Q: 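After the structure tokens below, expect a handful of questions from me.
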Amino acid sequence: MDRRSFVKASCITLTSGSLFKSLPGLSNVKPSGYVLKASEGAFSFDQAQPVPTRVMYYNQSIPGPVIKIPQGEESVIQFHNALEEPSSIHWHGLRINNAMDGVPGMTQALVQPGETFNYRFTPPDAGTYWYHTHQRAWAQLALGLAGVLIVEESHPPLVDQNLIFAIDDWRFGEDRQIDTSSLGAMRDWSHGGRMGNMITVNGQIGKTYTVSIGQRIRFRMLNIANSRIMTLRFNHPQTSIISVDGQPVKPYLVDSGVITLAPGQRSDLIIDITSDPGSNSPIELLIKDQVFPIANFEIDNKVQREQLLDSPISLPDNPANQMVLPNEMKQVPLHIGGGAMGRMNKAIFQGKEMGIKDLIQNKQIWAFNGIAGLPEKPLFSVKRGTAISLNIDNDNVWPHAMHIHGHHFIDDKNPAELRDTALLTRQEKGSLKFIADNPGKWLIHCHMIEHQASGMVT
Ligand SMILES: [Cu+2]
């Protein structure tokens with residue numbers, strides 16, 4: 001972590017601006033869809049001191065445009081690939097039909113340069129999701145190909161402001177260009193993944209949100225970084241969590257104002273603003289014993305209401321929340337081995353047993369049940385409706401963010417929540433329980449994208 005970059009970020013004059021700028025290039029296609037065009041170009045991460053940085057983006061925006069689609073209705077999102085390399089889009093957390101899941105070579109063919117692919121799906125669950133490239137994501141995601149997707153409730157809760165807070169982590173060089181020379185570096189892949197030196201919120205350094213006393217804010221927070229686990233501190237006593245990974249939870253106050261999001265995870269918050277008019281309230285990223293302000297609430301001089309709203313907001317259940325687990329479940333062990341300072345000395349890669357030297361030559365350093373990379377045989381294959389307990393043994397010294405496509409699960413660490421991405425700390429064991437009720441071939445992988453690329457995928 002480059003502290004200087006953060007200090008610089010936090011010291012620049014924070015400008016207040018409109019919260020939702022109209023996003024460029026978003027045009028409607030029939031019946032109710034969007035067009036997403038991936039391309040290379042220049043983008044400025046700092047409106048106060050604009051510097052053109054070479055990126056990959058959707059609709060010339062970082063993150064890509066906020067896509068809002070209705071729950072339970074079909075949407076079409078037309079993807080046009082204007083990159084010079086193939087790509088695809090994965091809709092993270094959506095329980096949709098397998099053919100639209102966006103995994104090249106498994107659920108669809110690569111979308112080649114100049115080609116168009118129509119993603120057509122009906123999201124069953126409302127909530128906060130995101131979309132991102134699923135091709136060479138260790139490079140394409142690090143360069144910017146991600147965006148926020150909201151499935152809207154038919155009756156969204158009434159709040160004074162709806163804010164989105166998509167947090168990303170970038171590795172910049174001195175020239176303010178993304179450091180591409182270190183893309184694919186084995187040192188990152190075998191450790192915690194690619195860590196950056198600059199944090200952005202909605203693609204900007206030092207974002208300020210203007211709020212008023214007594215306001216109730218719905219705050220959709222997403223970690224869209226390649227690999228950094230974000231531990232964030234909110235300096236507001238009245239901050240409650242109302243959903244995780246898109247799925248409603250019984251609202252609860254945030255313990256000591258600190259929320260941790262692994263890459264891919266989301267939390268919706270309700271914040272009731274209590275600070276004094278004219279004051280500032282930073283949102284801080286905690287890294288070890290250091291504190292980096294990454295965004296700011298600026299309390300203006302208006303008073304929205306004298307008395308805070310006291311009834312908490314509770315979101316209506318999604319169909320996903322109706323999952324009932326039986327006592328009898330298919331037990332699926334998943335051992336995670338490898339990484340720097342690990343004991344892995346061999347693994348099977350592409351059907352061949354290899355020693356660690358050969359694995360590293362093939363850029364593989366992690367294994368699920370002794371197999372590095374996508375195996376020919378699935379981890380399990382079951383009849384629709386089978387209850388699964390994925391019993392993970394994280395037998396290495398690194399944290400991992402385990403993601404299951406097309407399903408939500410109960411993490412036995414917190415059975416009151418449904419997730420699509422679970423954080424396991426070093427040497428931790430845990431079970432992810434779900435009903436395999438969505439037919440097709442689904443990936444299970446670490447959402448630290450460099451770990452996925454170097455073995456953690458099945
Ligand atoms: Cu990992």
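One-based numbering, in listed order, for ligands and for the atoms of each. Source: prediction; values computed, not measured.
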Q: Is the distance from the Cu ion (ligand 1) to some N, O or S atom of H447 under 2.8 Å?
A: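 Checking H447: none of its N, O or S atoms is under 2.8 Å.
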Q: Going by the angle between their ring planes, with limits at 30° and 60°, are W138 and W189 parallel, tilted or perpendicular?
A: perpendicular
Q: Taking the side chain from Q60 and the backbone from Y58, do they hold a donor-acceptor pair closer than 3.5 Å?
A: no
Q: In terms of ring plane angle, is the pair F434 and F380 parallel, tilted or perpendicular, where the classes change at 30° and 60°?
A: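 Correct class here is tilted.
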Q: H400: which N/O/S atom is nearest the Cu ion (ligand 1)?
A: ND1
Q: By atom name, which N, O or S atom of H451 is the nearest to the Cu ion (ligand 1)?
A: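 Closest N, O or S atom of H451 to the Cu ion (ligand 1): ND1.
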Q: Measure the acute angle between the ring planes of F172 and W170, then classify it against the limits of 30° and 60° as parallel, tilted or perpendicular.
A: parallel
